[in-house]
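Single-structure report; data block below.
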Amino acid sequence: MKQVRTRFAPSPTGYLHIGGLRTALYAWLYARKNGGAFILRIEDTDIQREVAGAKDVIYATLKQTGLDYDEGPDVGGDFGPYIQSERMGLYKQHAEKLIALGAAYRCFCTKERLADERARSEARGETYTYDKHCLNLSKEEIQKNLGAGLPYVIRQNIPQEGDTTYTDMVFGDITVPNADLDDNVLLKTDGMPTYNLANVVDDHLMGITHVIRGAEYLSSTPKYNHLYRAFGWDIPAYIHLPVVMKDKQRKLSKRHGDASFDDYIGKGYLKEALINYIALLGWSPGNDQEIFTLDELTQAFSLEGLSKSPAIFDTDKLTWMNAQYIRALSSEGFIDRAMPYFKQCGADKFDMRLIAELIQPRLERLAEIPEKLMFLTAMPDFDKALYFHKRMNTDAAAALPVLRDSRALLQQQTDYAVEPLKEALAGLVEKLGLKNGQLLWPLRIAITGTAVTPGGAVETAYPLGKEETLRRLDKSIGMLEK
Ligand code: GLU
């Protein structure tokens, strides 16, 4: 059997969006699972839409997520160049070949004529397709036009009768009447190929055996198959992937600025969690396993698990999964990933291990860290009303004596560690005849200045250290005494 060769063929028109990354992941998984090769090709023939820096983002994201490619622009390979704008000669040569084969023709129609034709067919309530006007030009007319230097495009000559059928490995048999297929442009006036020509030429010349791409290409694939047949080339296997939706109605789309991989990383999602979640957008392992490493995905992946129904990108589910991944990190691993956020809020000046213990089990996204740890470096001025807690039946007035007693106890405490501190405070609660919350609630407010902290009074007081805790208590007691 031929070696499996798959490719990811993004256009560098923005940052790598979720749908694109999913295509890359499935193409990578299929290649790795079958001992094949995974190829990266940059489709940059739409110069107007190219975004500076987008190519580098593609390279970096694939490397960062572990989707290594065997051939590609920055790694080389035997079938390059892997950037379409560097393959211009090939497209021109193949377009000319199609003319010679009768599968394409030069079209000299002006913009004005095309606009008129379109308006007329729309007025008749029809979907516009080009009327093959230039297919009927005589050899002499063509020579005359060329001699006069008239600009032209090369169009595909699609038969008008019959149907074209192919079998997609996910969507099954797809049949399209040829009359519905437009004689689209293959090579533009400036010599740039369109997707229609470039995808066929490149997939063939690069030996791609399985074309894995979004379902938006499902219905135009018959056109590409006409080109394969005209050239006498083998048609690759097609695997079209279901659309990714933002909700029941709307597609997730990079043109509408929907989140890219980098946006999610910026929001504090782990790359492993993203890849894991994306893998399940349109593919299912056939059992209820949800957490997969990339290796496990490679083992489990199969085309049978792909679905044709649209997949909904569920941010809550992703967030849940991310929390699982954060919890599963080793303490060192967590500290490593969290460090940029620790630095943002000054938490890096504390005992990292303690902070990790405090916060790692309570995070859904790394980007929540600064807000949760702000109390470490700054105690905000706060309103005495914060001491009020209805259910615990406590308020500022009740807090003052309790805080004074707590301060005295903490001052005396020699074994300043979480468990001994908890025990000592529990003893005080009993001695004063209070409920736990009537001591721990005001204490936590007095130490942190906020009602939302990642842990209880002791867990937050401990990393602050004895001296700082007492200093804060003094300040808060002073406020209450005023
Ligand atoms: N450049 C196309 C895109 O970004 C690739 C489609 C394909 O994989 O063939 O949509």
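Residue numbers start at 1 and run along the sequence shown. If you're wondering where the values come from, they're calculated on a predicted model, not measured in any experiment. Both counts, for ligands and for their atoms, begin at 1 and track the order of listing.
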Margin query: With a cutoff of 4.0 Å, is E216 in contact with ligand 1, counting heavy atoms of the residue only?
Written below: no
Notebook entry, point to check: Given Y224, F8, Y217, Y195, which has its nearest heavy atom closest to atom 7 (C) of ligand 1?
Noted result: Y195
Item checked: Between K132 and Y105, a side-chain donor and acceptor under 3.5 Å -> no
Next item on the list: Kindly give the heavy-atom pair with the smallest separation between D70 and A37, and that separation in Å.
Entry: OD2-CA, 3.3 Å
Notebook entry, point to check: Can you list every side chain to side chain donor-acceptor pair (under 3.5 Å) pair that touches residues 332-354, not counting sequence neighbours?
Noted result: E272-R337
Next item on the list: Give the C-alpha distance, both sets of side-chain angles, the deciding distance and a yes or no for side chain to side chain donor-acceptor pair (under 3.5 Å) between Y217 and D168.
Entry: CA-CA 11 Å; Y217 296 98; D168 179 83; over 6 Å; no
Check: In terms of atom number and element, which parts of ligand 1 are under 4.0 angstrom from non-hydrogen atoms of S11?
Finding: 1 (N), 2 (C), 3 (C), 4 (O)
Note to self: Please list, in number order, the atoms of ligand 1 under 4.0 Å from a heavy atom of R7.
What the structure shows: 7 (C), 8 (O), 9 (O)
Checklist line | Element-labelled atoms of ligand 1 that are located less than 4.0 Å from some non-hydrogen atom of R213 | finding: 7 (C), 8 (O), 9 (O)
Item checked: With Y30 via ring-ring contact (aromatic ring centres under 6.0 Å, His included) - residues at least two apart -> H210
Margin query: List ligand 1 atoms under 4.0 Å from E43, heavy atoms only on the residue side.
Written below: 1 (N), 2 (C), 5 (C)
Next item on the list: Check whether any N or O atom of A9, backbone or side chain, sits under 3.5 Å from an N or O atom of ligand 1, and answer yes or no.
Entry: yes
